[in-house]
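Predicted model only: the values in this text are computed from it and were never measured.
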Amino acid sequence: MPKQVDYESRRRRIAEAVCVLAEEQGPEGVSMRDVAARAQVSLGAVQRCFRSKEEMLLFAVDHIGDRVTERLRTRLAASPDQSAVTVLSHAADEIALLREEHRAEARIWLAFVARAAVSETLAGPLRSSYTALHTLLVRLVTEVAASGSADEGVTRPDPQHEARALLALADGLTTHVLMGHLTSKEAEEVLHAHLAGLWERLRIEHPREAR
């Protein structure tokens, strides 16, 4: 019988190779031939999975996003009874990619963002990724607001505005850490100070943030 090929597994393996090469020399330096060598598969195998280099790069971008999402799901599943505040804190931490073990992902993501500035092919999917993150943060901010003080004097934040601000802050902190302008610890302090300001506006007293 002919050998059965797990194409999804192979595509993920190829995406990992793309990420390694993109970190080393940027997306523009990635070739299908080099990816095949790094993934230890034939060039034909890469071409059967992806019709073009751009399609391969797009899958790699989605692969990074999937890894971040899966980490967040795993983190939340470990403590299913966490409050809305803790869930939002976890989401912000994962999106910012500030930890040392996530530094490679941060470099790859920003390399793709830089290429997207001159490539609409990449820009479109990246906009979709940011829209999905924004939608997630809007939902989480809304849930946090619902758990806050019910006093009439409390001004409810606009979830859309808060989500945009938080996403932009997390994205910017990623860049500042990679450039060496801030340490990971300093960036985390900035992020948590921003969240503390949101808790204060909602009259949520000293929420416990799980790490």
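- Both I95 and L72 are part of a single hydrophobic cluster, where members link through side-chain heavy atoms under 4.5 Å apart.
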Does L88 form a side-chain contact (heavy atoms from CB on, under 4.5 Å) with L137? I'd like the steps, not just the answer. CA-CA 7 Å; L88 179 56; L137 292 176; 3.8 Å; yes

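- Shown here is E200, whose CD atom has no more than 12 heavy atoms of other residues, nucleotides or ligands within 6.0 Å.
- The aromatic rings of F50 and F59 lie tilted to each other, with the angle between the two planes from 30° to 60°.
- A distance-only check finds no donor-acceptor pair linking the side chain of E105 to the backbone of H102 [under 3.5 Å].
- Atoms CZ and CG, on R11 and D62 in that order, are 9.5 Å from each other to the nearest 0.5 Å.
- V113 and V68 fall into different hydrophobic clusters, where Ile, Leu, Val, Met, Phe, Trp and Tyr are joined by side-chain heavy atoms under 4.5 Å apart, directly or via other members.
- Residues V190 and H176 fail the side-chain proximity criterion, which asks for heavy atoms closer than 4.5 Å.
- Counting only distance, with no hydrogens or angles, the side chain of Q82 and the backbone of T86 share no donor-acceptor pair below 3.5 Å.
- No donor-acceptor pair under 3.5 Å is formed between the side chain of S184 and the backbone N or O of R99.
- Linking ILVMFWY residues whenever their side-chain heavy atoms come closer than 4.5 Å, directly or via other members, leaves V20 and V30 in distinct clusters.
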Check the pair E16, R67 against side-chain contact (heavy atoms from CB on, under 4.5 Å), reporting the backbone distance first and the verdict last. CA-CA 11 Å; E16 289 288 348; R67 278 172 21 183; 2.9 Å; yes

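- Looking at heavy atoms from C-beta onward, V144 lies out of side-chain contact with E162 at the 4.5 angstrom threshold.
- Taking each heavy atom of V85 and W199 in turn, the nearest pair found is CG1-CZ2, 3.6 Å.
- With sequence neighbours excluded, no residue forms a side-chain hydrogen bond (donor to acceptor under 3.5 Å, both in side chains) with R164.
- Between S129 and W109, the closest side-chain pair of non-hydrogen atoms falls below 4.5 Å.
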Without placing hydrogens or testing angles, list every side-chain donor-acceptor pair under 3.5 Å for residues 36-46, not counting sequence neighbours.
from, atom 1, to, atom 2, distance (Å)
R38, NH1, E24, OE2, 3.3
R38, NH2, E24, OE1, 3.4
S42, OG, A45, N, 3.0

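- The OG atom of S119 sits 8.0 Å away from the CG atom of L58 when rounded to the nearest 0.5 Å.
- Side-chain contact between D66 and R12: absent, with no pair of heavy atoms (C-beta onward) separated by less than 4.5 Å.
- Looking at heavy atoms from C-beta onward, L169 lies in side-chain contact with L191 at the 4.5 angstrom threshold.
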